[in-house]
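Reviewing the structure listed below.
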Amino acid sequence: MNNTIRIERAIRRITQEELAKAIGVSRQTIFAIENNKFVPSTELALKLSAYFGKTVNELFSLQESV
C-alpha cells in the first residue's frame with residue numbers, strides 16, 4: 001500500500017512528531033506508515049484523512065506509484 005502522508009506533511013511544513021501528537025500516535029508510527037512498513041487501521045486512516053482534509057483514497061492507494 002502506498003501513501004502520500006510524507007508529501008502532505010511537507011506541504012503543511014509539519015514534522016512527524018507534530019503529526020503524531022495531533023492524531024494521538026507515536027512519531028515511530030508516522031515513520032512506519034510513510035515508509036510503507038505499517039498499514040494503519042481504519043480508525044487511524046480516518047484520523048489522517050480528517051487531519052489533512054483529504055479522503056482516505058487520496059492518501060492511500062493499493063497501486064504502485066509510477
Do [X] and [Y] make a side-chain contact, defined as non-hydrogen atoms from C-beta onward lying under 4.5 Å apart?
X: R9; Y: E34; result: yes
X: V25; Y: I33; result: no
X: F60; Y: N2; result: no
X: F52; Y: T4; result: no

Return the [atom1] to [atom2] distance between [X] and [Y], rounded to the nearest 0.5 Å.
X: K21; Y: S26; atom1: NZ; atom2: OG; answer: 12.0 Å
X: E43; Y: I23; atom1: CD; atom2: CD1; answer: 10.0 Å
X: R13; Y: I11; atom1: CZ; atom2: CD1; answer: 10.5 Å
X: F31; Y: R6; atom1: CZ; atom2: CZ; answer: 7.5 Å
X: L48; Y: E58; atom1: CG; atom2: CD; answer: 13.5 Å
X: I5; Y: L59; atom1: CD1; atom2: CG; answer: 4.5 Å

Linking I/L/V/M/F/W/Y whenever any side-chain heavy atoms sit under 4.5 Å apart, do [X] and [Y] land together?
X: I7; Y: L62; value: no
X: L46; Y: F38; value: yes
X: V56; Y: I30; value: yes

Fill in: Stepwise side chain to side chain contact (heavy atoms under 4.5 Å, CB included) test for Y51 and I14
CA-CA 12 Å; Y51 181 85; I14 60 170; 3.3 Å; yes
